[in-house]
Novice: 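Just dropping this structure here.
The chains referred to below are lettered A, B, ... by the order of the sequence lines, with proteins before strands, and numbering in each begins at 1. Values in this document were obtained by computation on a predicted structure and should not be read as measured data.
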There are 2 protein chains.
Amino acid sequence: MALRHAVLAALLHGEYSGYQLAKAFDIGVANFWHALPQQLYAELAKLEKDGLITGRQVVQETRPNKRLFQVTDAGFAELETFAAAVSKPSFIRDDLLVKIHAADRIDTSPLIEQLDERASAAEARAGLLTSLLDTMRGVLDEEEYLRTGERIGPYLTCLRGLSFEREHRAWCLRTAAVLRERRQARAER
Amino acid sequence: MALRHAVLAALLHGEYSGYQLAKAFDIGVANFWHALPQQLYAELAKLEKDGLITGRQVVQETRPNKRLFQVTDAGFAELETFAAAVSKPSFIRDDLLVKIHAADRIDTSPLIEQLDERASAAEARAGLLTSLLDTMRGVLDEEEYLRTGERIGPYLTCLRGLSFEREHRAWCLRTAAVLRERRQARAER
DNA sequence: GCATCCTACTCAAGAAACTGACTAATCTCT
DNA sequence: AGAGATTAGTCAGTTTCTTGAGTAGGATGC
């Protein structure tokens, strides 16, 4: 029920095409929502039909034409209503954790590999988010930015994403170490 | 595609009925997967049909009868195959973060309230997970348990959940503080 | 003693998400 | 010069998830 609101929130900070929105979802919005391009195109069409956003055609020479969307007053009102309503509990879904949950009964070698990969991926994303935060902050330091900066919303959600990635990385590395040690111990018995 | 594997992994550590499984999903498994009871009953039926689990009727005097399920050899094999395959990237989905992303453009008062509620909820869940970990660990200390304990899988996923709840709580409190300060500053202008 | 909660499930309808393929031009790298 | 990536989408089919209601007896609380 709230992909529509995630899209509205993402469109608050400027005009986006569906394609650009898909990129934004891969970086910033991915910290709290995940959606495929097909879903976004469909949702943009619905939002426009419902008058919560408006699109305008932009003709390009060297690229295919595109449609840029911005939030209407009705769209702002919708977001306001949404923000005041109770939130659903957050949820995570993670394949790898399912596998780790079964670690007692299955071969852990592929798990260790995947944990290492995950740790690297988390590190990479953490780096990306760090530089994104740097860019948003500009010359201000973090305290100052949190007090006075514009676009505080995306900044705060990126902070959440960064903290998540760092914790995730730390857990992956520790878990991989634990499983390695136990594998070794079993081999020596 | 992997609710089935989450169910299999949850059933590894003893027999469960659908109803008990739903409870387990609210506590331990919720750290990495979320599902409603209806989904679980449906999935159990499918898993049984596919021969990955078997159920046996347990007649009860004072309670309605129930069916307890356990993983078959085919089920173990299926989990093994799943564990060796590549994992999908993990994903989060969080209403509240959507709202925070829009914090520049909407009334932040309901957000501050919801952040406080979330922080309390996260604290409560962290407490729950801490005592769950205590119980699993028994007399051993953590290092010792991680080296030699049984049921290391659930222990490790609970550790992930605990770390998540703690981080989530810290972020909620900090974000609420930031929004409060900015609201105050705006009121004084 | 009455209401509500808990155990234990089932069913059906509708909304949302995922999979995978397809178009079509341009730009980049080798 | 050709392969592959990038921009900018669209479409259809299937699976999965959510919403909401219903059944039924025993236990618990006020």
Side-chain angles (χ1 to χ4, degrees), chain A residues 1-8 15-27 29-30 32-50 53 55-69 82 85-95 98, chain B residues 1-7 15-27 29-30 32-50 53 55-69 85-95 98:
Chain A
M1 268 239 258
L3 170 60
R4 78 193 287 100
H5 299 110
V7 170
L8 282 174
E15 289 181 316
Y16 285 85
S17 66
Y19 190 80
Q20 290 170 314
L21 197 60
K23 300 276 173 190
F25 263 68
D26 277 349
I27 311 166
V29 183
F32 53 90
W33 209 270
H34 157 87
L36 299 167
Q38 295 95 314
Q39 283 176 268
L40 297 177
Y41 285 113
E43 198 60 47
L44 285 170
K46 271 193 238 164
L47 282 164
E48 193 180 21
K49 202 196 69 196
D50 296 347
I53 60 174
R56 63 187 184 87
Q57 181 84 6
V58 172
V59 178
Q60 299 186 118
E61 302 273 286
T62 80
R63 292 283 168 200
N65 298 340
K66 61 181 172 183
R67 300 198 68 216
L68 293 182
F69 295 94
F82 171 68
V86 291
S87 300
K88 298 190 184 169
S90 72
F91 83 73
I92 306 184
R93 194 154 280 189
D94 193 334
D95 266 24
V98 173
Chain B
M1 268 241 259
L3 170 61
R4 80 192 287 99
H5 300 110
V7 170
E15 288 180 316
Y16 285 86
S17 66
Y19 189 80
Q20 291 170 313
L21 197 60
K23 301 276 172 189
F25 264 68
D26 278 348
I27 310 166
V29 183
F32 53 90
W33 208 272
H34 158 88
L36 297 167
Q38 294 95 314
Q39 281 176 272
L40 297 176
Y41 285 113
E43 197 62 46
L44 285 170
K46 268 193 243 165
L47 282 165
E48 193 179 20
K49 203 195 69 196
D50 295 347
I53 60 175
R56 62 187 185 88
Q57 182 84 5
V58 172
V59 178
Q60 298 186 117
E61 301 274 286
T62 82
R63 294 280 170 202
N65 298 340
K66 61 183 173 183
R67 300 197 68 216
L68 293 182
F69 295 94
V86 289
S87 300
K88 298 191 185 170
S90 74
F91 86 71
I92 307 185
R93 194 155 280 187
D94 193 333
D95 267 23
V98 173

Novice: Check this one for me: any side-chain N or O of A:Q60 less than 4.0 Å away from OP1 or OP2 of D:dA8?
Specialist: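 For D:dA8, OP1 or OP2 has a side-chain N or O of A:Q60 closer than 4.0 Å.
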Novice: Below 4.0 angstrom, which residues in residues 37-46 of chain A have at least one non-hydrogen atom near DNA chain D?
Specialist: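 A:Q38, A:Y41, in order of number.
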Novice: Does the side chain of A:K23 get closer than 4.0 angstrom to OP1 or OP2 of D:dT7 through an N or O atom?
Specialist: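 Yes, because at least one side-chain N or O of A:K23 sits under 4.0 Å from OP1 or OP2 of D:dT7.
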Novice: Under 4.0 Å: is that the gap between some side-chain N or O of A:R4 and OP1 or OP2 of C:dA16?
Specialist: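 For C:dA16, neither OP1 nor OP2 has a side-chain N or O of A:R4 closer than 4.0 Å.
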Novice: Quick check on C:dT7: is either OP1 or OP2 less than 4.0 Å from any side-chain nitrogen or oxygen of B:S17?
Specialist: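 Answer is no, no contact under 4.0 Å.
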Novice: OP1 or OP2 of C:dC18 sitting under 4.0 Å from any side-chain N/O of A:H34?
Specialist: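 Answer is yes, contact under 4.0 Å.
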Novice: Taking OH from B:Y16 and P from C:dC9, how many angstroms apart are they, rounded to a whole number?
Specialist: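 B:Y16 atom OH is separated from C:dC9 atom P by 14 Å.
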Novice: For the side-chain contact (heavy atoms from CB on, under 4.5 Å) test, which of A:F32, A:W33, A:F91 pairs with B:D95?
Specialist: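 Of the listed options, the one satisfying the test is A:W33.
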Novice: Can you tell me if the side-chain N/O atoms of A:R93 get under 4.0 Å from OP1 or OP2 in D:dT16?
Specialist: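 No, no such contact exists.
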Novice: OP1, OP2 of C:dT7 versus side-chain N and O of B:Y19: anything below 4.0 Å?
Specialist: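 Answer yes for this pair, as a side-chain N or O of B:Y19 is under 4.0 Å from OP1 or OP2.
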Novice: Of all the choices, D:dT19, D:dT7, C:dC6, which nucleotide is nearest to the side chain of A:K88 once you look at every atom?
Specialist: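 Between D:dT19, D:dT7, C:dC6, the one nearest the side chain of A:K88 would be D:dT19.
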Novice: Looking at B:T62, does any N or O in its side chain come under 4.0 Å of the phosphate oxygens OP1/OP2 on D:dG25?
Specialist: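 B:T62 to D:dG25 OP1/OP2: no side-chain N or O under 4.0 Å.
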